[in-house]
4 protein chains.
Amino acid sequence: MAIAKNASRLALESQPSAETKPRGRQRSHACEAAILAATTELLKKKCLRDVTADAIAQRAGVSKATLYKWWPNKNLVALDAFLSSMRLSVDIPNTGSALEDFTLELESVIRFYTSPQGSMFRQFVAEGQSDPEFLTLFRDRFLRSRLDEVRTIWERGVKRGEIRADLDPEIGMDLIFGPMIFRLLVGHAELDDAHAEALVAAAFRGVQKTPSSA
Amino acid sequence: MAIAKNASRLALESQPSAETKPRGRQRSHACEAAILAATTELLKKKCLRDVTADAIAQRAGVSKATLYKWWPNKNLVALDAFLSSMRLSVDIPNTGSALEDFTLELESVIRFYTSPQGSMFRQFVAEGQSDPEFLTLFRDRFLRSRLDEVRTIWERGVKRGEIRADLDPEIGMDLIFGPMIFRLLVGHAELDDAHAEALVAAAFRGVQKTPSSA
Amino acid sequence: MAIAKNASRLALESQPSAETKPRGRQRSHACEAAILAATTELLKKKCLRDVTADAIAQRAGVSKATLYKWWPNKNLVALDAFLSSMRLSVDIPNTGSALEDFTLELESVIRFYTSPQGSMFRQFVAEGQSDPEFLTLFRDRFLRSRLDEVRTIWERGVKRGEIRADLDPEIGMDLIFGPMIFRLLVGHAELDDAHAEALVAAAFRGVQKTPSSA
Amino acid sequence: MAIAKNASRLALESQPSAETKPRGRQRSHACEAAILAATTELLKKKCLRDVTADAIAQRAGVSKATLYKWWPNKNLVALDAFLSSMRLSVDIPNTGSALEDFTLELESVIRFYTSPQGSMFRQFVAEGQSDPEFLTLFRDRFLRSRLDEVRTIWERGVKRGEIRADLDPEIGMDLIFGPMIFRLLVGHAELDDAHAEALVAAAFRGVQKTPSSA
DNA sequence: AGCTAATCGAGACGGTACGTCACGTCTTAAT
DNA sequence: ATTAAGACGTGACGTACCGTCTCGATTAGCT
C-alpha cells in the first residue's frame, strides 16, 4: 500500500531512539532538508512539470541517486516539500460565528492557494489526474487533515444551532470549498476576499428564494 | 490570441461558399478526421499524458509532420477531438422547476465526466495547470459555452421567482457545479445521482438554519 | 541506362521540328531555365547537401512537382545546372609545348574548381560516393568529355616527340590531374598556379634521379 | 579547435596513472567499444550516409543519448571506428629500393581502400566536402600520420640517391598517391596491382621523353 | 470556338532521420 | 551503509527534408 519507499519526512521525526542503528553511515538530515528546500525554492519559479529531478538534485547539492533513494519520484518529493513548509499548524478561526469562521478560513485558504507557495496545490491535483496513487497520497497526507480541521467549524456551527443538523457535513463543506477549487483550477472567475465572502454567504443562505422573504 | 496554428476543426466546417479556395491541394478532411478519431480512441484507454503524438499519428495512419502542421501540440489535438465528439448540442432540461433542472443537468454532467469519454475533462484541467494558454483555450472553446447554456436554467428560475434575483449568477452556478468539479478532480467523495441531488438541494436551501424552521 | 527521366536540358535543344508535338500545354523553357539558374545561384552560397529541393523550387518560382517531373532528384538538377553553365566549350591551350599546355590547362582547371562555380565538382564527387549511378552519370556527362579534350594535348605531345609514346595516356593524364584532385578534395596542401607548374614539371621529369644528371 | 566533445577513443587509452579518477561512475569501455564495433559492422554493409545514428545505437545495444553524449554526430563516430580498427601500425615496406617500396605501399593502400573496411576512406572524403571541420579532423587524425609514415620511403630514397633531392616531397608524394585517390573517388579507371606498378613507374621515370632515350 | 491534354503553381501528405530532453537506474570512489 | 558525481537505457519530443500526391488554373493543339 505504501507508495513512498519510506515514511519520508516523517521517518526522521519518529523513532527517537530505541531500535539498533544500522551499520554504516547514517542517513543525512541535512541532505534531506536541502532537497526539500531546493524543491520548494524551484517550485516558486516554475511549475511542477517544469522542475526536473536533476535541477532539484543539483540545487540541493545532492546526487540524484540520493533523491531517488528516499523518494520514488519527483512528485512525492514535491509533496513532502509542500508538507514540510506548512508545519506550523494553521489555526482555525473561532469567532463564535460559523459564517464568519468559514469566511475567514476561505479567505485564508484562497490567499494561500494563490500564493507562489500554495500554487503547488493546483500542481498536485493536476499530477493526480494521471497518477491515481499520487492523488490518493495527496488526499491522505494533506487534504484529509485539512478538511478535518475545518470540519470543527462546521461542528461548532451545528452545536450552536447556526447550521442545519440534518445536512451531511461532507456536502456542506464541498459547498463552501468546491466553488473556490473550481475557480482556482479553471480560472474562469476572480478569486479574492470579496468573492470568498459572497460564496460563503450564498452557501449559507442558499440559492432559493425563501417563502418568507418573498 | 490564437494558439492553434489555424482554426483547425472549425475551419473545415465554416464558409461553405464565399471566399475563393486557395490554389493548391486542399487540406484533407479524411486526414483530420482520422487524427481526431484516433485521438479519441486512444484517450479511452490511456490518459492524455500517456498518449503520444507518435501513437496518434500512427493509429490515424498519418505522418507526425502532418499532425504538427495543424496543431502545435497533442493537447490541442485532444481538445479538438473532445470538442468534435460533442457536436450534437446537449439540450438543457426544462421541467418547469429550476431545482429539478439543475439536478437533472448535474446528474447528466456527472455521468458524462465520469465516463471514459468525459474523463478528458479532468485531463484538460490538469494540463492547464502547467500550460496557462491551454487552460484559457479550453475555457474559451468549451467551458464558456457550456456554462452559458446552463445559465438559462438559472435565468428561467429567476424569472419564475424560484431563484433569488439578488444573487450573482456566477456565484450561484459555481455553488452548484463547483462541488462536483472538486470531487471529480480530487476524488475525496462519491459522485453519483444521489449526490447530485443532495448537492443541488443543499445549494438551493443553503447551509444556514433558517430562523423560521428553528 | 538513362537515369534522368528525360534527356533534360538537351531535350529542349534537339528536335527542332520533325516529330508531331504532343497535344496540350508545352513544356516551358522559362521554367527549366529558372530552375537551373536558381540552382546555380543557391550553390554559390551553400553546398549541395544544404540546398534543398524546396529552396530551389521557391527561388525559381516553380512548384516542386515541376522540378521532380523533369529530374529524378536534386543532384541531377545540380548536375544539369552545372553543365548548362559551362556550355561555351573551353578551349584547350596549344602553345606548341605539351609541358606548357598542360601547365596552362592545369592552372585553368584549378582556378575553375576552386571558384564558387567550380566547387560543385567536389560536391558531385562527394555525392557520387553514396550514389554510384550518379557518379557514373557525372563521369559520362562531364568528366569523360573533359578528359577527352585534354587528351589532345597529350597526343600532340606524343606526335611532337615530347612525350613518351610507350606510356599509357590514361596513366599519364592521371599523373597530371590526379594530384590536383587529391589536393582539391582533401585539402592537405595549397592549390595555385605555382603548384600547378611544379606538379606538371614533376610529372614530366619524373621523380627518379636520372643517371645522366647524377 | 576540438570538434569532438572529448578526446573520445584516445581518452580511454591515455594516462594510465597520473591524474585522480573523477568521482562518479566511469565511462564504460564496453559501451564505447560496442558503438565502434557496431559502426564498423554496419559500414561494411551500407555507406556512411545510409547508416543512421539509431541503427548504430540499436546494434550496439546502447542508447542514442549515450552516443550523442560522446560524439557530436555519426561521422565522428565512424571516424573513431575507422581509426580504432587500424591500430596495428601498418609497417612501411623497406626493400632497399624506393621504387619497389612505393609500389608495394601503393598496392597495399589500394587493396585496403578498395576493401569494405577501407572504403570508409571515400565516405570520409565525401562527407568532408560538406563539412569542412570534419575534413580537417579526418586529415589531422588519419591522413597526416599516414603520409608521414610513407614519407620515410621518400627520405630513404633521397638518401640513397634514388630520388631527386631538389623535388618537394609533398609534390612527389601527391604524384604517387594522387592518381590513385583520383581513380578511387571518380572510378574512371581500374585500380589494381598492375596499375599501382604502372603509376609508380610513370611517376618515377616521368612523362617526358628524355633526350638520352630519344 | 470549344474540346482535350498536358503543364504549371501551390502546398498537403507519408516517411524517415535527426538531435534533444527528462526520467529513473546503476556504477564508482569517497566518506 | 550512504553519499556525490555522473554515465546509462528508455522513450517521447518537435523539426527538417525527401519525393509523391492532389488541386485548380493555364495553355496549347485538335476537332
Side-chain angles (χ1 to χ4, degrees), chain A residues 21-28 30-31 49-55 57-58 60-74, chain B residues 20-28 30-32 49-55 57-58 60-70 72-74, chain C residues 20-28 30-31 49-55 57-58 60-74, chain D residues 20-28 30-32 49-55 57-58 60-74:
Chain A
K21 273 190 184 173
R23 283 214 300 172
R25 184 171 174 175
Q26 297 309 298
R27 178 171 178 187
S28 154
C31 172
R49 289 271 300 256
D50 295 344
V51 170
T52 68
D54 289 80
Q58 191 176 346
V62 146
S63 110
K64 221 169 10 146
T66 303
L67 197 157
Y68 280 105
K69 163 139 209 180
W70 302 113
W71 289 275
N73 60 53
K74 177 178 75 152
Chain B
T20 61
K21 267 192 185 174
R23 195 105 99 100
R25 177 178 181 174
Q26 300 305 299
R27 178 171 177 186
S28 155
C31 175
E32 173 167 35
R49 290 268 304 253
D50 295 345
V51 171
T52 69
D54 288 80
Q58 190 178 344
V62 148
S63 99
K64 215 178 6 156
T66 300
L67 197 156
Y68 279 108
K69 166 147 208 177
W70 300 111
N73 57 56
K74 77 179 165 175
Chain C
T20 60
K21 269 190 187 176
R23 283 216 301 175
R25 183 172 177 174
Q26 298 307 298
R27 177 171 179 185
S28 153
C31 172
R49 289 272 300 257
D50 295 345
V51 171
T52 70
D54 289 78
Q58 191 177 344
V62 146
S63 108
K64 221 168 14 144
T66 302
L67 197 155
Y68 280 105
K69 163 138 212 179
W70 303 112
W71 289 274
N73 59 54
K74 176 178 76 152
Chain D
T20 60
K21 267 192 184 174
R23 194 104 100 102
R25 178 175 179 175
Q26 300 307 297
R27 177 171 178 185
S28 155
C31 175
E32 172 166 35
R49 288 272 298 256
D50 295 345
V51 170
T52 70
D54 288 80
Q58 190 177 343
V62 148
S63 99
K64 219 185 353 163
T66 300
L67 196 156
Y68 278 108
K69 165 144 208 178
W70 300 112
W71 291 274
N73 58 56
K74 77 179 164 173

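Any value given below was found using the heavy atoms of this structure, including those in side chains, with hydrogens, waters and symmetry copies removed. In what follows, chains carry the letters A, B, and so on, assigned in the order in which the sequence lines appear, proteins first and then strands, with residues in each chain numbered from 1.
Partners of Ala55(B) according to the side-chain contact (heavy atoms from CB on, under 4.5 Å) rule, which considers only residues two or more places apart in sequence or in another chain, are Leu42(B), Thr52(B). Every residue two or more places apart in sequence or in another chain that forms a side-chain contact (heavy atoms from CB on, under 4.5 Å) with Ala65(C) is listed here: Ser63(C).
Closest heavy-atom contact between Ala57(A) and Leu67(A): N-CD1, 4.1 Å. When all heavy atoms are compared, the tightest approach of Lys74(D) to Val51(D) is NZ-O, 2.8 Å.
Taking atom CG of Leu67(C) as the reference point, atom P of dC17(F) lies 15 Å away to the nearest angstrom. A straight line from CD of Gln58(A) to P of dA5(F) spans 9 Å, rounded to a whole angstrom. Rounded to a whole Å, the OH atom of Tyr68(B) is 16 Å from the C1' atom of dT16(E). Between Arg49(B) atom CZ and dA22(E) atom P the separation is 13 Å, expressed in whole Å. The distance from atom CG of Asp50(B) to atom C1' of dT10(F) is 15 Å, rounded to the nearest whole Å. Per the geometry, NZ belonging to Lys74(D) stands 12 Å off C1' belonging to dG19(E), to the nearest Å.
Along DNA chain E, the nucleotide nearest Ala60(C) and the nucleotide nearest Ser63(B) are compared for position; the residue whose nucleotide lies closer to the 5' end is Ala60(C). Comparing Cys31(D) and Asp54(B) by the nucleotide of DNA chain F whose heavy atom lies nearest to each, the residue mapping closer to the 5' end is Cys31(D). Take the nearest nucleotide of DNA chain F for Ala65(A) and for Thr52(B): the residue whose nucleotide is more 5' is Ala65(A).
For dT3(F), the OP1/OP2 oxygens have a side-chain nitrogen or oxygen of Trp70(A) closer than 4.0 Å.
Under 3.5 Å, the side chain of Lys64(C) and the base of dG19(F) form at least one donor-acceptor pair of N or O atoms.
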